[in-house]
Each structure stands twice: as structure tokens, then as C-alpha cells.
Amino acid sequence: MSRRTPGYSIERKKSRWGWIFVTPTLIFFLLFSFYPIFNAFYTSLFNKKLLSLKPPAFIGLGNYSYLLKSPDFWDSIRATLVFTLGTFTPLLIFSLIFAIFIMSRKRFQNFFQIAYYSPAVLSSVVAAVIWLLIFDPRGLGNQWLNLMMNTPGIDHKWLANSVMVQMSTMLVYFWKYVGYFTIIFIVGLASIPQSIYEAAKIDGANDWKNFWYITLPLLKPTTILVSIISMLQCLRTFSTQYLFTQGGAPLAPINVITLNIYHTAIRDHQIGRASAMSIILFVIMMLFTWVQFKSSRADEISY
Amino acid sequence: MDYDLTIKKNRIFNQSLIIDIFIWAFLILAALFILAPTIFMFTASLMPANDILKMPYRWIPKGFYWRNYWQGIRGNDGSFIYIRNILNSLIVASVVSATTVILSALAGFGLAKYYFKGRNLVFMMIMATMMIPFEAIMIPLYLVTTKLGIQDSYAGLIAPFLVNAFGVFLMRQYFITFPDEILDAARIDGASELMIFRTIILPNSIPAVATLAILTFKAQWDNLLWPLLVVQSEEMKTIPLYIVKFMSEKHTDEGAMMAVAAIASIPILMVFFKLSKYFLGGAALYSSRKG
């Protein structure tokens, strides 16, 4: 055996250990992420049924063309997009307001952060069960809304009316996650150097101008981040809608894609069709992310 | 001129006082709205069902109606299966947290501190899995689980969550700033790479490990979709499945329902109030995702 220079052998040894450290994780992702997504795409090209012994027939894009013609599927797309936009917009606006207001306080910052974040800790099943009871015709939801709108004794049909049930799911989601995004905004706000505000103060800017011309533009990266995370989360919503339908709410208005995939695969045994839906959901999520990254690339910020 | 100034001063003072009061009121009202449902759950869990849906709602229960908790734990059929289901949730969440921390730390360490061919590709591949939503791959995973015969078992509940890309990313970010000199010094002293990992890296990454462990535990405690697919028997159900079942049973009363929900929430809320900085830090970590 020839003698190697020590540096060379250490580098080789290090490179081998690098591989040893990442291999278990890499194998896991190959088996549990990459294989399934390719498998989902492959299965989506077949007329595969759960529990069927016949080998599934290859039908090409048949599942996709079926879905694109199916009003049920378009209802799911609509329900998902309505939920996503209807939840994401107030989430973004209110978490930003909460963050700015909390940061403007000299005391109780911790209390508000913990209080606002606390619903995110509860499991989504628990959240749905609590709100189902609040939305009961005799429950707190009607009491509060009647108190606020001064309309005693009216039932607002939180779960029965098809518009209201969509609003209800949005409200649950908003309540659960607004604190989470508030925290992300607080971190973003804290990273804006104080010196910029001081310079603006010398130039005679007031609070309002500070907000419009300094805070908001510099917060753009955080805003984009929050938009991406919250939109992707909303597109994947499942628990709230599932629990609500189990609790007696009508399925059609809140039949989001994930719920539809679940029903198609487990109740209808249409594995091929469910896989096609999964791939469409995957593509929609990629598109959302791509569009938002695209819009964020334009101007990077450095202090 | 003097006069003008005082007016101006006064106006600014007044204005900011009004704004100040407005901000306080806004924050307090929002806090009430956000806290109310959780408080509602706990107070309602201590009331007979008749009182819960009485208008107006009494925020302070008259007495402690512990029967709800007994009823919730006992179940409508008296099988006490909830205790087993809580145990299942604890086992699954603990095992997943442990494997996630270990595998993420190993991979994160490998990616942060070792140079090898294809390192960037490996990192990109792992990050790319963040883009694959679980909902899109759950059907193939379910089919594989059935084929392997591990549906309705701990192995089936745990397998798809052994590690996740966010964990690898978090650990890598944490290790990247770790000084190389310390590692090299240990190597010169004859420490093996595994020993370095165990005795130097892990003990020095407690905050990252704790954050990751807590976030993973919480996510599993919350998991509904996957158990819904793979679990068939009552014995293998986790807490979310028990809640779904308990809710859809005919004889369930609202008080017992809230007691079941409260039992599911108490452990995680206690951890949260004790270790809130790790929860908040976990949320904050996302902001550093770009860097």
C-alpha cells in the first residue's frame, strides 16, 4: 500500500462519513417521497380500483379528462380556491396588523404572542369540535353575532347554509393560524434596523409615513413568505372540513380537493382517479409557489 | 408663536393617546376572541350538557361537573378505549420525534460539515420533498402499507414520518455555524466521526433538537389524515380518530365531548406554556428559510 498524504486521506474519510450521515435520510426520501409521487402519477394513468383483483387497464389521460368534465371535481376546485383565498387574505392582513401593534407596545408583548399563538397548539380535530359546538344553533356563535349586530333571536345557520358553512371553516382556520403568522411577521419586523427609522425621524417622517415607506416595503420578503406558507397550508386543508361534514354540515360547499381525494379513494375505491386528483393538487401547489417566487425574485432586499 | 407650539404639541399628544388606547383595545379584544374558544372548551367540559347550550353562556361553571371527564374516558360503550388511544398517540408521536431528531441531525451534520461529491444535489433533493404535499402521496403510501401488511399497526402509523425535510434543513442551518476548529481538534485527539457527533455535536445543539422534537411531536399529535387511512381497529386508533368516533356516536353529550377534547389538549398546552419559546422559535425559523 502506498503512503498517502495525510490531508488526502482525511478528505476521503470525511467524504465517506458525509455519505454515511446522509444515506439513511436519503433512502427514506426516495422510498417515502419520490417513489410515491411517481407512483401516484403512474397510477393516475390506470383505471385502478381498490380491492379489485383484475389487473388495472391503462387508460392514458382518461382519469384526467374524466375529472376535467366532472362537475363534482370542479366544485372541489372551486371550494378549495374559495377557501384558500378567503382564508389567506384575512390571515395576511390581520397577522400583519397584530404584529405591528404588538411590536408597538412596550409591555405585554410576550403575553400577546403566547395568547395569539395558543390555538395553533391545539390539534385541528379539537379546534373543529370546539367550533362545531360554538356554531350550534343554540351556541355561542349566534349569541355573539346577535349581540354584535343587535339582532336578537336570529339563527345564522353557521353549518346549514352553504355560504355560511364556507365562512365557518374559514373562521376556524383563521382563528387557529393567525397567531402563527403573527410570530413570523414579528420576526420580520424585528429584523428591520432601527437606524432606518431614526434617519426617517430626522427627515420628519411620521408614524404613518414610516409604515408606508419603510416598514411595508422592507417587509416584502416576509410577506411573500407568509403568503406562500399560508396558501400552501390552505390548499391542503382537510381536518376542519372532514370534521364539519362528520358533524352534519353539508358536504358540497366544503368538499375541498383533499376531502374529495379521500372519498374517491376510500369510499368509491377509485384509486386511479384519486391519484389523478393528487397529481392535479400537486401541480396547483407548484404553480402557486412558482408564481409567488417569480414575483419575489424581482427585488431582493438588503440592508 | 409659543401658543402655536403648545397646540401642536398637545395635538400630537392627544392623537397618540387616542391611537394608543385604540391599539390596546384592539389587541385586548383580539386576545379575547382568540382565547375564548379554548376557555369555552374547558368551562363547557365542566358543565352538564343542558347548561352548555343555554343562552347566555355562563363563563364560570356553577360547580365542577366531573362526570363529563369520567364519561369521556369511559366512552359511551364503557370500554375505556380512550386510554389506549392516548397511549397510541404518545407512542407514535414520541417515536416519530426521536427518529426525526436523530436522522435530521445526522443528515444535517453530514450536509453542513462534510464535503462530498453530490452534496448539493442531495441537499436539493431533500429540500425538493418539501414541495410534495403529503395529501398527494397518501394513496400510494397507503397501497404500499397495505402490501407490506403493516396497516393498522404502529409500524404503519410511524413509517411515512421517520424524518422530514424541514428537520434536515433546520439542523443543517444550525450546524453550519459550528466552528470547524473544535471538530478538527477532536479528530486530532483521535475521536471517531460518530463520537464527534454524539459527544460534541448533539450536546451542543439542544435548542435546535428541542425545537424540532416539539414541532414534530405536535404535528403527530395533530395527525388525522394518515391514521384515518391506515387504522381500522379501535385498539390502534389515535386521539384524533377517537374524537371523530366519539363525536359521531349517537349518545355523546356535549359536555363529555368537550371533556374528551380537553384531555387531548391539556398535555400539549402544558408543554406549550412551559416551553413556549421553542414553539415561537419554531414558527420564527421559517423566516430564516431563505438564508
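The sequence lines fix the lettering, A, B, ..., with proteins before strands; numbering per chain opens at 1.
Counting heavy atoms from C-beta on, the side chains of B/V144 and A/Y35 come closer than 4.5 Å. With contacts defined as side-chain heavy-atom distances shorter than 4.5 Å, the pair A/I37/B/T129 does not qualify. Looking at heavy atoms from C-beta onward, B/R119 lies out of side-chain contact with A/V22 at the 4.5 angstrom threshold. Residues A/F108 and B/L27 have side chains not in contact (no heavy-atom distance under 4.5 Å, counting atoms from C-beta outward). Side-chain contact between B/M131 and A/M286 is present, with heavy atoms from C-beta onward closer than 4.5 Å.
A/L281 touches chain B through its side chain: at least one heavy atom from C-beta onward sits under 4.5 Å away, while N, CA, C and O do not. Contact of A/L259 with chain B is not made at all, since no heavy-atom distance falls under 4.5 Å. At a 4.5 Å heavy-atom cutoff, A/F185 makes no contact with chain B through either its backbone or its side chain. Looking at B/Y57, both its backbone and its side chain come within 4.5 Å of chain A, counting heavy atoms on both sides. For B/A112, no part sits under 4.5 Å from any heavy atom of chain A, backbone or side chain. Heavy-atom distances place the side chain of B/I139, and not its backbone, under 4.5 Å from chain A. At a 4.5 Å heavy-atom cutoff, the contact between A/Q143 and chain B is made by side-chain atoms alone. At a 4.5 Å heavy-atom cutoff, the contact between A/L26 and chain B is made by side-chain atoms alone. For a residue to count as touching a neighbouring chain, one of its non-hydrogen atoms must lie under 4.5 Å from one of that chain's; by this rule B/F22 touches chain A with the side chain only. The part of B/R187 that comes within reach of chain A is its side chain, from C-beta onward, which places non-hydrogen atoms under 4.5 angstrom from that chain.
Between the CZ atom of A/F21 and the CZ atom of B/F197 there is a distance of 6.5 Å, given to the nearest 0.5 Å.
Taking the six-membered ring for Trp, B/F116 and A/W19 have ring centres closer than 6.0 Å. A/F32 has its ring centre no less than 6.0 Å from the ring centre of B/F161.
With hydrogens and angles ignored, the 3.5 Å screen pairs no side-chain donor or acceptor of A/Y116 with any backbone N or O of B/L35.
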